[in-house]
Amino acid sequence: MSFFRENDWRDDLSEQLEALRGEIASLRRDASRKSSRAVASTRHTGEDVFEAIRDYFNPPKSFYQRGSRLASDNPGTTAAAALVGVALVGLAATFFLSQSSRTEQRDYPGTPTPPPSDN
């Protein structure tokens with residue numbers, strides 16, 4: 001009689017294992033469907049965000065066309081603007097070079113001062 005009880009126990013266990021395997025397979029299918037939907041949704045959201053950022057930072061093409069048209073229509077203004085830019089760069093370079101030459105003549109605290117020369 002113990003043989004029948006042991007087989008019953010094994011049969012019950014194998015039935016439970018089969019039921020669990022089926023449930024695990026069902027859960028895997030559900031998780032796969034949900035994850036593929038989530039990936040698709042995230043991809044679409046990412047594309048929308050990228051397009052919004054791209055449109056925000058890229059001016060319309062007419063902006064570039066208008067600028068090139070104005071430059072070609074007024075070559076004197078373009079040359080004057082370039083001349084003013086070069087002059088400003090020259091003034092800035094002169095300012096910074098004169099500041100650096102003044103720093104070399106300063107006496108910083110804590111540094112020994114050389115004795116006066118007898119010329």
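Atom CG of D8 and atom CG of L13 lie 12.5 Å apart (nearest 0.5 Å). In this structure, NE2 in H44 is found 10.0 Å from OG1 in T42, a value given to the nearest 0.5 Å. Within the model, atoms CG of L97 and CZ of F95 stand 11.0 Å from one another, a figure rounded to the nearest 0.5 Å.
Under the side chain to side chain donor-acceptor pair (under 3.5 Å) criterion, R21 pairs with E18, not counting sequence neighbours. Partners of I53 by side-chain contact (heavy atoms from CB on, under 4.5 Å), not counting sequence neighbours, listed by chain and number: V49, F57.
Panel note: side chain S35, backbone A31; a donor-acceptor pair is recorded below 3.5 Å. Counting only distance, with no hydrogens or angles, the side chain of T45 and the backbone of S41 share a donor-acceptor pair below 3.5 Å.
Grouping Ile, Leu, Val, Met, Phe, Trp and Tyr residues whose side-chain heavy atoms lie under 4.5 Å apart, directly or via other members, places L88 in a hydrophobic cluster with V84.
Identified under the salt bridge (charged side-chain N to carboxylate O under 4.0 Å, His left out) test for residues 33-50, with sequence neighbours left out: D30-R33.
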